[in-house]
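Worksheet: one structure, shown below.
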Amino acid sequence: MGRSPRRHRRDAGLAWGALGARPETVRALAERIDEELGARVEPAGLLDAGALEGMTSLVRGAMAAGKAAAPVAGPAGPRAGARPERPVLSFAQQRLWFMQQIDADTTLYNVPTVLRLRSAFDHDRLGRALTALVARHEVLRTTYRASSGVPHQAVAAAPGEFPLPSTDLSAAAEPAAEAARIAAEDHHLVVTFHHIAIDGWSVEIFFRELAEPYGDPAAGSGSRATPWTP
């Protein structure tokens, strides 16, 4: 059953705090408004607006100001800026974090991937390519922690060198000639992500960007950097 217009108008006049809003909720809403509408609204402004009607006017004003300041409209979405001390999780990340807390040992949300390399293998070059990729994408070096039960992101500094462990399985092949061929030409890169940080579309980007410096002997060696625009 739908809500009556009278009840809707009464709720719109209530202060947001009376409806159960918390500081982290206000910050998450401000980020969602920015992502979805391209309107920059400060969390403090949402709280100062008080009631839902006031917040609606504030968002509409921010949208109008943004259009007036940008003659050529750009895509709505997050923009570069100062990082908060404890970046909040997106709504999708919050759901995954909560489900992981219910069963901390589950691997249900892991995303295992295997890339087969059928050529001569350069361990050091692949290590440099991985190091560059982890430095480029903060999500690959982000952990998820909780303070007072509220999850947040913790972004580590870019590693000086990303460790790349390897295991030689050629001794398990028969006959010996086949073992020598496999050792020289057949390799598998196994990478496991958590779904809170990556999805199927992102995995494709990961391996495509990894292939660029690994496929170029000069990339990552200091002689030439792989071009990239964030």
Side chain of Glu204, backbone of Gly200: donor and acceptor closer than 3.5 Å?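 Not confirmed, Glu204 side chain does not pair with Gly200 backbone.
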Counting C-beta onward and ignoring hydrogens, is there a side-chain heavy-atom pair between Leu140 and Leu133 closer than 4.5 Å? yes
Is there a path of hydrophobic side-chain contacts, each under 4.5 Å between heavy atoms of I/L/V/M/F/W/Y residues, joining [Y] to [X]?
{"X": "Val139", "Y": "Val134", "value": "yes"}
{"X": "Val111", "Y": "Val114", "value": "no"}
{"X": "Val203", "Y": "Ile205", "value": "no"}

Can you say whether the rings of Phe121 and Tyr214 are parallel (under 30°), tilted (30 to 60°) or perpendicular (over 60°)? tilted
List for me each residue that meets salt bridge (charged side-chain N to carboxylate O under 4.0 Å, His left out) alongside Asp199, sequence neighbours excluded, and say none if there are none.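 Not a single residue meets the salt bridge (charged side-chain N to carboxylate O under 4.0 Å, His left out) criterion with Asp199.
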Which atom names give the shortest non-hydrogen contact between [X] and [Y], and what distance separates them?
{"X": "Arg141", "Y": "Ala158", "result": "NH1-N, 3.7 Å"}
{"X": "Pro213", "Y": "Arg125", "result": "O-CD, 4.0 Å"}
{"X": "Ser147", "Y": "His152", "result": "OG-CE1, 3.2 Å"}

Would you please test Tyr109 and Ile196 for side chain to side chain contact (heavy atoms under 4.5 Å, CB included) and show each step? CA-CA 8 Å; Tyr109 306 105; Ile196 198 173; over 6 Å; no
With rounding to the nearest 0.5 angstrom, report the [atom1] to [atom2] distance, [X] to [Y].
{"X": "Met99", "Y": "Leu108", "atom1": "CE", "atom2": "CG", "answer": "8.0 Å"}
{"X": "Phe91", "Y": "Leu96", "atom1": "CZ", "atom2": "CG", "answer": "14.0 Å"}
{"X": "Leu130", "Y": "Glu161", "atom1": "CG", "atom2": "CD", "answer": "11.0 Å"}
{"X": "Arg128", "Y": "Leu164", "atom1": "CZ", "atom2": "CG", "answer": "11.5 Å"}
{"X": "Arg136", "Y": "Thr131", "atom1": "CZ", "atom2": "OG1", "answer": "12.5 Å"}
{"X": "Leu117", "Y": "Leu115", "atom1": "CG", "atom2": "CG", "answer": "5.0 Å"}

Tested for side chain to side chain contact (heavy atoms under 4.5 Å, CB included) against Thr113, the lone hit among Thr192, Val190, Val191 is Val191
Residue Phe207 excluded, over 12 heavy atoms near CZ under 6.0 Å: yes
If you draw a 6.0 Å radius around NE2 in His194, do more than 12 non-hydrogen atoms from other residues or ligands fall strictly inside? yes
Sequence neighbours left out, what passes side chain to side chain contact (heavy atoms under 4.5 Å, CB included) with Gln153? Give chain and number order.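 Gln153: side chain to side chain contact (heavy atoms under 4.5 Å, CB included) contacts with Pro87, Leu89, Gln93, Thr142, Tyr144.
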Could you list all the salt bridge (Lys or Arg N to Asp or Glu O under 4.0 Å) pairs where at least one residue sits in residues 95-114, not counting sequence neighbours? none
